[in-house]
Amino acid sequence: MTTRHQIKPGQPLTIGVLALQGAYDVHAEVLTALGVTPRLVRLPAQLDGLDGLIIPGGESTTMLKFLERGDFFDILNEFVHHKPTFGTCAGCILLAKDVSRPEQKSFAALDITVERNAYGRQNDSAILHEPTTLPGGPLEMVFIRAPRIDRVGPEVEVLASRDGHPALIRQGNLLAATFHPELGHDARVHQFFVDMVRKAKETAPREPEGAAAV
Ligand code: GLN
């Protein structure tokens with residue numbers, strides 16, 4: 001990480017990184033650099049008390065297999081529909097409403113259609129610098145066997161694109177990228193997510209003292 005990070009004041013945040021498979025370690029490093037406490041999540045109980053979660057890149061099919069042992073899928077499904085969640089690459093596939101090539105189970109939280117491995121073998125990995133609505137000029141995007149977003153619903157805001165297809169999107173509490181922002185030399189996407197998490201925490205109704213965690 002060569003970018004200077006901006007550590008913002010405010011209440012401390014704990015953001016989980018789903019660590020079943022894939023590229024979770026570097027996400028935790030970027031969060032630490034941004035002044036956030038990361039927590040690797042391997043068990044459903046480790047979601048308790050998190051302010052937000054990152055679902056990393058990797059193989060969405062493999063992650064699904066791990067999630068479908070026991071009740072992890074259902075508990076995580078509940079989490080992503082209520083708490084800020086950032087899905088990168090395979091994580092974006094898991095959050096999507098519709099998944100193609102092949103069709104696959106997902107949390108259906110983000111109103112998008114993604115096609116897996118859509119760039120074919122020749123172009124399956126690429127580093128591009130594309131314009132973004134995030135402040136600070138073009139964004140470095142590292143694509144690895146990336147999915148392609150073919151449809152976005154009316155609630156989805158597009159923050160950056162690749163060849164006319166959305167590559168970084170937001171819908172309410174959800175953020176998703178078809179690339180790997182943790183592998184670029186730029187923490188702006190993570191900073192954007194941390195700001196989303198902070199805002200959600202600050203505006204959430206306070207839980208009464210001693211309330212049981214649900
Ligand atoms: N091709 C992977 C999948 O379908 C995603 C690749 C990635 O996360 N870098 O899940």
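Computed from a predicted structure; not experimentally measured. In each ligand, atom 1 is the first atom listed, and ligand 1 is the first ligand listed.
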* Gap between atom CG of L175 and atom CG of L168 - 0.5 Å precision -> 5.5 Å
* Asked: F179 ring centre to R162 NZ or CZ under 6.0 Å, with the angle to the axis within 45°?
  -> no
* Between R188 and E140, does at least one N-O distance fall below 4.0 Å, as a salt bridge requires? -> no
* To do: Rounded to the nearest 0.5 Å, what's the gap from OG1 on T178 to OH on Y119? Could you check?
  => 6.0 Å
* Name of the residue among D195, V30, I15 meeting side-chain contact (heavy atoms from CB on, under 4.5 Å) with H190 -> V30
Quick one: side chains of residues 127-135, donor-acceptor pairs under 3.5 Å with protein atoms, not counting sequence neighbours, listed by atom name and distance.
from: T132; atom 1: OG1; to: L134; atom 2: N; distance (Å): 3.0
from: T132; atom 1: OG1; to: L159; atom 2: O; distance (Å): 2.8

Check ligand 1 for close polar pairs with the protein: N or O on both sides, less than 3.5 Å.
from: ligand 1; atom 1: 1 (N); to: N117; atom 2: OD1; distance (Å): 2.6
from: ligand 1; atom 1: 1 (N); to: R145; atom 2: O; distance (Å): 3.0
from: ligand 1; atom 1: 4 (O); to: R116; atom 2: NE; distance (Å): 2.7
from: ligand 1; atom 1: 4 (O); to: R116; atom 2: NH2; distance (Å): 2.8
from: ligand 1; atom 1: 8 (O); to: G58; atom 2: N; distance (Å): 2.8
from: ligand 1; atom 1: 8 (O); to: G58; atom 2: O; distance (Å): 3.1
from: ligand 1; atom 1: 8 (O); to: A90; atom 2: N; distance (Å): 3.0
from: ligand 1; atom 1: 9 (N); to: I144; atom 2: O; distance (Å): 2.8
from: ligand 1; atom 1: 9 (N); to: H180; atom 2: NE2; distance (Å): 2.8
from: ligand 1; atom 1: 10 (O); to: S60; atom 2: N; distance (Å): 2.8
from: ligand 1; atom 1: 10 (O); to: S60; atom 2: OG; distance (Å): 2.7

